[in-house]
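Every value quoted in this text rests on a predicted model; they were computed, and no experiment measured them. In the text below, chain A, chain B and the rest are named by the order of the sequence lines, each starting its count at 1.
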Number of protein chains: 2
Amino acid sequence: MESLTQAEENYLKAVFKIGEKDNKAASTNAIAGILNTTAASVSDMLKRLAGKGLLHYEKHRGATLTEKGSELATNLVRKHRLWEVFLVKTLHFSWDEVHEIAEQLEHVQSDELIDRLDFFLEKPQFDPHGDPIPDAQGNFTMRRQVPLPSLAIGERAVVVGVQESSVAFLKYLDKIKLELGARVQVLERFEYDGTLKIELNSNEEITISHKVSENLFVQKTK
Amino acid sequence: MESLTQAEENYLKAVFKIGEKDNKAASTNAIAGILNTTAASVSDMLKRLAGKGLLHYEKHRGATLTEKGSELATNLVRKHRLWEVFLVKTLHFSWDEVHEIAEQLEHVQSDELIDRLDFFLEKPQFDPHGDPIPDAQGNFTMRRQVPLPSLAIGERAVVVGVQESSVAFLKYLDKIKLELGARVQVLERFEYDGTLKIELNSNEEITISHKVSENLFVQKTK
DNA sequence: AAATACTTTTAGGCTTGTCTAAAAATAAGA
DNA sequence: TCTTATTTTTAGACAAGCCTAAAAGTATTT
Ligand SMILES: [Mn+2]
Ligand SMILES: [Mn+2]
Ligand SMILES: [Mn+2]
Ligand SMILES: [Mn+2]
């Protein structure tokens with residue numbers, strides 16, 4: 001089995017990401033959106049990847065990964081997230097700077113390298129954005145997390161992840177000093193637009209928009 | 001200035017390597033040999049790189065890097081060697097396993113990444129094979145090193161580098177426990193074929209062929 | 001159901017990077 | 001110097017990946 005090109009790997013990851021979130025076939029347009037390319041290019045590539053047995057593809061009804069494609073994609077996600085941990089924990093990048101670099105590092109081909117990196121980082125289970133890192137067998141550690149807006153008034157929780165990883169969003173969180181591990185308690189909800197007033201780390205009150213809160217994952221605490 | 005493809009970068013490095021060693025224009029064949037490709041492909045690429053102002057190229061008389069090409073190549077060498085240090089020092093790879101991986105890592109584009117890696121590794125001046133690592137400005141640390149066979153009988157020295165980095169050679173050195181930093185003293189030279197008998201770390205006598213000794217760089221000591 | 005909007009595919013073209021085979025240039029040997 | 005060997009370039013082809021424009025298919029409105 002000869003290895004994939006970077007382009008092929010990126011397509012696999014895109015199909016994986018769409019299937020993971022919506023649990024449905026990845027549409028041509030959705031893939032094009034993620035990879036910043038055209039629908040025409042995507043059609044082209046889907047045909048080729050289907051030919052290689054990495055995904056199922058029927059014209060006009062999108063693509064889903066095969067077993068083999070899914071394994072490869074999972075391994076890419078593993079590599080991507082491990083590199084992100086390395087960049088933040090070891091090289092002290094901030095969490096909004098690492099995605100682009102990991103996007104390149106994930107394509108370096110060496111299983112030994114990833115094994116050793118994993119060991120060096122002490123087998124982390126989550127990346128800097130709170131996303132789970134699959135182990136070498138492809139198993140994800142699942143976590144009982146919910147979107148922040150699902151909490152009732154008075155409930156306490158710990159922020160464990162972000163739904164979106166855009167630079168703008170992450171920088172905003174830095175600014176309001178809201179990082180992973182932060183303790184929050186919902187103080188008040190403005191029903192008009194979903195704005196939330198929350199207590200942060202038992203020492204500060206902040207107000208965040210619905211747009212922000214729905215992109216935060218938390219784990220309830222007592 | 002838009003960035004180079006991996007192929008282009010590899011060609012620049014090849015031209016650099018040839019020019020560095022022999023201090024002459026890189027021939028089409030020599031480049032093809034290093035990059036494991038055909039002379040035809042090399043001719044093609046040299047034309048394109050010359051068009052981009054990265055090297056001087058005249059038909060039938062090889063290529064030499066321009067100032068700009070030289071800067072880019074030096075930076076690639078820096079990246080390659082820093083990654084090799086990372087792989088050996090941080091991830092504990094052995095020195096014969098790192099070249100291939102660094103060959104890929106060197107193409108990751110992020111100046112910030114290399115800066116931080118350099119800092120994390122404490123700005124090493126030499127890579128695991130004893131080759132100098134240029135600093136961010138492109139300056140190499142030069143060292144007064146000579147090939148082992150140039151020592152006179154009785155002279156003492158420290159092994160500081162290898163000329164060749166083939167897996168076979170490095171594994172052989174591991175086997176005879178000859179690593180960088182080893183102290184050697186020349187005991188005897190067999191003029192017939194240049195075989196050397198040397199004392200290793202003041203506690204062992206070993207015999208090495210001329211082929212081996214000419215690939216070892218040493219620094220004389222008193 | 002027909003019209004309109006949107007999505008997806010096809011057709012055709014371009015660049016990059018490779019190859020083999022043949023031609024041309026240079027170097028080496030007689 | 002002339003001939004032969006070697007090196008290098010050119011010619012022509014191909015796969016991967018991308019693009020734009022046009023055609024075809026699907027979904028949504030009216
Ligand atoms: Mn990528
Ligand atoms: Mn991430
Ligand atoms: Mn390389
Ligand atoms: Mn090296």
Side-chain angles (χ1 to χ4, degrees), chain A residues 1-15 18-19 21-22 24-65 69 72-73 76 103-104 106-107 109, chain B residues 1-15 18-19 21-22 24-65 69 72-73 76 103-104 106-107 109:
Chain A
M1 168 71 193
E2 56 166 39
S3 65
L4 304 178
T5 63
Q6 294 203 187
E8 289 172 324
E9 291 190 335
N10 286 335
Y11 275 92
L12 281 189
K13 249 191 5 165
V15 174
I18 294 166
K21 179 178 291 177
D22 309 341
K24 58 164 209 238
S27 77
T28 305
N29 256 1
I31 297 169
I34 288 177
L35 297 180
N36 232 310
T37 182
T38 61
S41 301
V42 175
S43 283
D44 225 52
M45 181 62 102
L46 289 183
K47 262 180 268 174
R48 263 178 290 151
L49 291 176
K52 292 192 178 190
L54 300 176
L55 47 79
H56 302 293
Y57 169 56
E58 274 181 286
K59 280 199 217 174
H60 294 103
R61 56 201 55 207
T64 53
L65 296 177
L72 289 168
L76 282 164
E103 203 55 53
Q104 300 177 64
E106 72 191 359
H107 302 292
Q109 315 238 261
Chain B
M1 168 72 193
E2 56 165 41
S3 65
L4 303 178
T5 63
Q6 294 203 188
E8 289 171 326
E9 291 190 335
N10 286 334
Y11 274 93
L12 280 189
K13 250 191 5 165
V15 174
I18 294 165
K21 177 178 292 177
D22 310 341
K24 56 163 208 236
S27 75
T28 305
N29 256 2
I31 298 169
I34 288 177
L35 297 180
N36 232 309
T37 183
T38 61
S41 302
V42 175
S43 282
D44 227 53
M45 182 62 102
L46 290 182
K47 262 181 267 173
R48 263 179 288 155
L49 291 176
K52 292 192 177 189
L54 301 176
L55 47 79
H56 302 292
Y57 169 56
E58 275 180 288
K59 280 199 219 175
H60 294 103
R61 57 201 57 208
T64 53
L65 296 177
L72 288 169
L76 281 165
E103 202 55 53
Q104 300 178 63
E106 72 191 358
H107 302 293
Q109 316 237 261

Please produce a list of atom pairs where a protein N or O lies less than 3.5 Å from an N or O of nucleotides 18-21 of chain C.
from: C/dT18; atom 1: OP2; to: B/Y11; atom 2: OH; distance (Å): 3.3
from: C/dC19; atom 1: OP2; to: B/T37; atom 2: OG1; distance (Å): 2.5
from: C/dC19; atom 1: OP2; to: B/T38; atom 2: N; distance (Å): 3.3
from: C/dC19; atom 1: OP2; to: B/T38; atom 2: OG1; distance (Å): 3.2
from: C/dC19; atom 1: OP2; to: B/S41; atom 2: OG; distance (Å): 2.8

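- If you measure from atom CD of A/E2 to atom C1' of D/dA15, you get 12 Å, rounded to the nearest angstrom.
- Rounding to whole angstrom units, CD1 of residue A/I31 and P of C/dT8 are separated by 9 Å.
- Distance from the side chain of A/A39 is smallest for C/dT9 among the nucleotides D/dT26, D/dT8, C/dT9.
- The local environment of CD in B/E58 is sparse, with at most 12 non-hydrogen atoms from other residues, nucleotides or ligands closer than 6.0 Å.
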- Message: Apply side chain to side chain contact (heavy atoms under 4.5 Å, CB included) to residues B/H107 and B/L4 and explain how you reach the verdict.
- Response: CA-CA 9 Å; B/H107 302 293; B/L4 303 178; over 6 Å; no
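- If A/E8 and A/K59 are placed on DNA chain D by their nearest nucleotide, the residue sitting closer to the 5' end is A/E8.
- Atom CG of A/L46 is separated from atom C1' of C/dT8 by 11 Å (rounded to the nearest Å).
- Of the candidate nucleotides C/dG17, D/dT8, C/dT8, C/dT8 has the atom lying nearest to any side-chain atom of A/S27.
- Proximity of B/Y57 to the phosphate of D/dT8: no side-chain N or O atom is located under 4.0 Å from OP1 or OP2.
- B/E106 pairs by the side chain to side chain donor-acceptor pair (under 3.5 Å) definition with B/K13, B/H80, not counting sequence neighbours.
- Every residue meeting the side chain to side chain donor-acceptor pair (under 3.5 Å) condition with A/E8, not counting sequence neighbours, appears here in chain and number order: A/T5, A/K52.
- The side chain of A/K47 places an N or O atom within less than 4.0 Å of a non-bridging phosphate oxygen (OP1 or OP2) of C/dT10.
- Between its two ends, the helix from C/dA1-D/dT30 to C/dA30-D/dT1 turns its axis by 0°, counting five pairs per end and rounding to 10 degrees.
- Residues that satisfy the salt bridge (Lys or Arg N to Asp or Glu O under 4.0 Å) test with B/K21, not counting sequence neighbours, are absent from this structure.
- In this structure, A/R61 places its CZ atom 14 Å from C1' of C/dT9, rounding to the nearest Å.
- The distance from atom CD1 of B/I18 to atom C1' of D/dT7 is 14 Å, rounded to the nearest whole Å.
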Show me the donor-acceptor pairs within less than 3.5 Å that the side chains of residues 40-50 of chain B make with the rest of the protein, sequence neighbours left out.
from: B/S41; atom 1: OG; to: B/T38; atom 2: OG1; distance (Å): 3.0

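- Among residue pairs with one or both ends in residues 25-36 of chain B, none qualify as salt bridge (charged side-chain N to carboxylate O under 4.0 Å, His left out); sequence neighbours excluded.
- Rounded to whole Å, the distance from NE2 on B/H60 to P on C/dA25 is 7 Å.
- As a whole-Å value, the separation of A/E9 CD from D/dA16 P is 15 Å.
- For the pair B/L49 CG and C/dT16 P, the interatomic distance rounds to 11 Å; values are reported in whole Å.
- Residue pairs meeting the salt bridge (charged side-chain N to carboxylate O under 4.0 Å, His left out) criterion with at least one member in residues 27-38 of chain A: none, sequence neighbours excluded.
- Under 4.0 angstrom from either OP1 or OP2 of C/dC6 there lies no side-chain N or O belonging to A/N29.
- For residues 28-37 of chain B, there are no salt bridge (charged side-chain N to carboxylate O under 4.0 Å, His left out) pairs, not counting sequence neighbours.
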